[in-house]
2 protein chains.
Amino acid sequence: MAEFAKSGNCFSCGLKSSMFCLLTDIQLDEINSNRQQVTFKKGETIFKSGGPLTHILCITSGMVKIFLEDKNNKKNLLLKIAKPTQLIGGPGFLVDELHHITAIALEDTKTCFIKVSDFKEIMAENSKFAFEFIKYRNERVIFYFQRLMDLTHKQTHGKIADTLLYLANEVYGSDSFDTLLSRQDLADMSAMTKESVIRIIKEFVESGIIACNNHHHFEIMDKNKLIKISKTG
Amino acid sequence: MAEFAKSGNCFSCGLKSSMFCLLTDIQLDEINSNRQQVTFKKGETIFKSGGPLTHILCITSGMVKIFLEDKNNKKNLLLKIAKPTQLIGGPGFLVDELHHITAIALEDTKTCFIKVSDFKEIMAENSKFAFEFIKYRNERVIFYFQRLMDLTHKQTHGKIADTLLYLANEVYGSDSFDTLLSRQDLADMSAMTKESVIRIIKEFVESGIIACNNHHHFEIMDKNKLIKISKTG
DNA sequence: CTGTTATGTTGATATATCTCAATCTTTTGT
DNA sequence: ACAAAAGATTGAGATATATCAACATAACAG
């Protein structure tokens with residue numbers, strides 16, 4: 001198992017320019033000695049909504065889908081795709097110490113488990129670390145605000161445009177990408193049915209806005225048009 | 001202008017059992033000497049999305065609606081009704097120092113303006129205060145998660161049930177209440193049109209679930225039924 | 001390689017909700 | 001008190017999207 005970089009620098013596991021850069025050697029040692037590395041296979045559940053929040057996770061490699069679950073209606077809402085160097089844990093921290101989101105590995109994924117108690121201790125000692133955490137949280141809130149507006153006020157074309165732009169810009173960093181997400185996942189992300197997703201993707205392909213082969217390769221051909229569709233809803 | 005209570009206690013302006021109880025005398029003095037009390041008339045804008053976030057506000061008296069604005073579509077999403085002793089500021093804190101929400105007084109409202117720089121200083125000195133702030137933020141995130149699920153997956157009857165239950169339980173603390181919200185506000189809160197709100201309220205009245213006089217007085221007659229409607233969507 | 005299961009696709013139909021326009025009611029300002 | 005403005009209500013019609021069922025294709029296990 002790789003050790004963390006010393007001297008207030010980032011994790012050796014790839015965590016660059018994150019809040020962990022703010023830690024002292026002593027604090028890094030403390031986290032380092034208590035952390036556990038765990039590997040998940042594709043499709044495995046990393047943690048589940050309602051379960052105890054004992055650790056904050058850092059993704060070392062792989063990809064994870066994070067979503068809200070509804071027991072009654074079995075309708076999920078996919079919130080984000082988490083990638084390496086991102087922390088996942090959720091808002092139960094300092095509240096009820098429960099998970100409010102579910103995380104499932106989209107491919108084989110390595111994670112570091114950091115004890116919540118270590119997290120708290122360091123946060124109490126190191127105010128810059130706490131500030132960075134609040135900043136991170138607030139950024140997420142701004143993101144969810146946008147999600148609330150988009151999912152409640154836009155119609156299907158706009159929502160699919162949003163989902164495709166999110167994947168290209170935020171997840172894959174390219175207008176041409178292969179995704180691990182199923183049509184149902186795209187539907188859960190856009191708050192609609194998989195049938196509607198399929199129909200709109202077909203429309204987008206027919207009008208030359210995107211290309212799509214073998215179900216999982218996407219290419220954005222006319223990004224301006226897609227952005228316009230996203231804006232007009 | 002009233003002074004804050006000393007000895008680590010709450011604001012004299014009514015802020016009870018809040019995070020301000022965690023401050024020392026010195027810290028309270030610091031906030032106290034820099035704060036400004038501002039009164040807003042009914043309908044006045046307290047701050048607007050996009051504007052600079054220079055102060056965190058504490059509501060001393062009155063009621064405020066907090067909502068997300070969309071410049072293009074002029075469709076708003078009402079997030080919450082803020083009441084006395086609540087802090088309002090929003091997630092721009094430590095991110096871009098801008099407001100991401102708009103606040104409008106629903107009635108004559110008194111507020112305390114606390115400088116963001118004071119807030120930061122005290123948070124750096126007092127880790128318990130920072131923890132309390134993170135807790136507060138995380139509670140909001142959990143609330144927004146629920147909102148995301150409710151607004152995207154439920155249909156109109158369920159969403160109106162949610163809105164009525166929110167007003168009764170969280171805002172007015174009674175199953176019988178007069179609200180300052182218009183039909184359009186209820187629509188903005190439930191992510192639907194005012195016409196649909198009106199029709200469903202009429203249905204609820206006709207089936208004896210609620211009573212509603214002179215547009216603004218509501219009374220929940222059959223709460224169990226309303227809860228059931230909220231659950232089944 | 002082959003049957004089985006999961007995922008994707010298409011079409012026909014139902015329906016919830018919005019839109020628009022007319023009308024009625026309440027609130028507000030003078 | 002009255003006119004004007006704002007908000008609430010109702011109805012008819014349009015439409016976007018879900019639902020359901022059948023079928024096609026891809027992925028997977030033995």
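Reminder, nothing fancy here: chain letters follow the sequence lines and each chain counts from 1. Below, each value reflects all heavy atoms present in this structure, side chains not excepted, and no hydrogens, waters or symmetry copies.
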Inset, instruction - Report the distance from atom CD of A:Q184 to atom P of C:dG8, rounded to the nearest whole Å. - result: 9 Å
Legend entry - Separation of atom CD in A:E195 from atom C1' in D:dC23, rounded to whole Å: 13 Å
Legend entry - Gap between atoms CD and C1', on B:E203 and D:dG11 respectively (whole Å): 15 Å
Legend entry - Separation of D:dT19 P from A:M192 CE (nearest whole Å): 12 Å
Legend entry - Validation row: B:L78, B:I66 side chains within 4.5 angstrom (heavy atoms): no
Legend entry - Heavy-atom donor-acceptor pair, B:T111 side chain to B:V38 backbone, under 3.5 Å: yes
Inset, instruction - Ignoring the backbone of A:T156, work out which of C:dT19, C:dG8, D:dT17 is nearest its side chain. - result: D:dT17
Legend entry - Out of D:dT17, C:dT17, C:dT9, whichever nucleotide has its closest atom nearest the side chain of A:H157: D:dT17
Legend entry - Among D:dA8, C:dG8, D:dA12, the one nearest B:H216 by side-chain distance: D:dA8
Inset, instruction - Give a yes or no answer on whether the side chain of A:T179 reaches the backbone of A:H216 with a donor-acceptor pair at less than 3.5 Å. - result: no
Inset, instruction - Can you pull out how bent the helix from C:dC1-D:dG30 to C:dT30-D:dA1 is, comparing the axes over its first five and last five pairs, to 10°? - result: 60°
Legend entry - Residue mapping more 5' on DNA chain C - nearest nucleotide basis, B:K42 or B:I200: B:I200
Legend entry - First encountered from the 5' end of DNA chain D, between A:H215 and A:A191: A:A191
Inset, instruction - Ignoring backbone atoms, establish whether A:S196 has a side-chain N or O less than 4.0 Å from OP1 or OP2 of D:dA18. - result: yes
Legend entry - Atom pair distance, as rounded to whole Å: CD1 in A:I198 and P in C:dG11: 12 Å
Legend entry - Rounded interatomic separation in angstrom, taking CD from A:E206 and P from C:dT9: 12 Å
Inset, instruction - Kindly say whether B:D150 contributes a backbone atom to a donor-acceptor pair with the side chain of B:K159 at under 3.5 angstrom? - result: no
Legend entry - Short side-chain N/O contact to D:dT10 OP1/OP2 from B:K202, under 4.0 Å: yes
Legend entry - Pairwise distance OH(B:Y166) to CD(B:Q146) - rounded to 0.5 angstrom: 13.5 Å
Inset, instruction - Looking only at side-chain atoms of A:R183, point me to the closest of C:dT10, C:dG8, D:dA8. - result: C:dG8
Legend entry - Sub-6.0 Å ring centroid separation between B:F93 and B:F133: yes
Legend entry - Candidates D:dT19, C:dT19, D:dA8 - which lies nearest the side chain of A:T193: D:dT19
Inset, instruction - Give the C-alpha distance, both sets of side-chain angles, the deciding distance and a yes or no for side-chain contact (heavy atoms from CB on, under 4.5 Å) between B:L68 and B:N76. - result: CA-CA 6 Å; B:L68 301 174; B:N76 298 330; over 6 Å; no
Inset, instruction - Using heavy atoms to find the nearest nucleotide of DNA chain D for A:K159 and B:L181 separately, return the residue whose nucleotide is more 5′. - result: B:L181
Legend entry - Cation-aromatic face contact A:R140/A:Y144, 6.0 Å, 45 degrees: yes
Legend entry - Whole-Å distance separating the CG atom of B:N213 from the P atom of D:dA8: 15 Å
Inset, instruction - Measure the distance from CD on A:Q155 to P on D:dT17 and round it to the nearest whole Å. - result: 4 Å
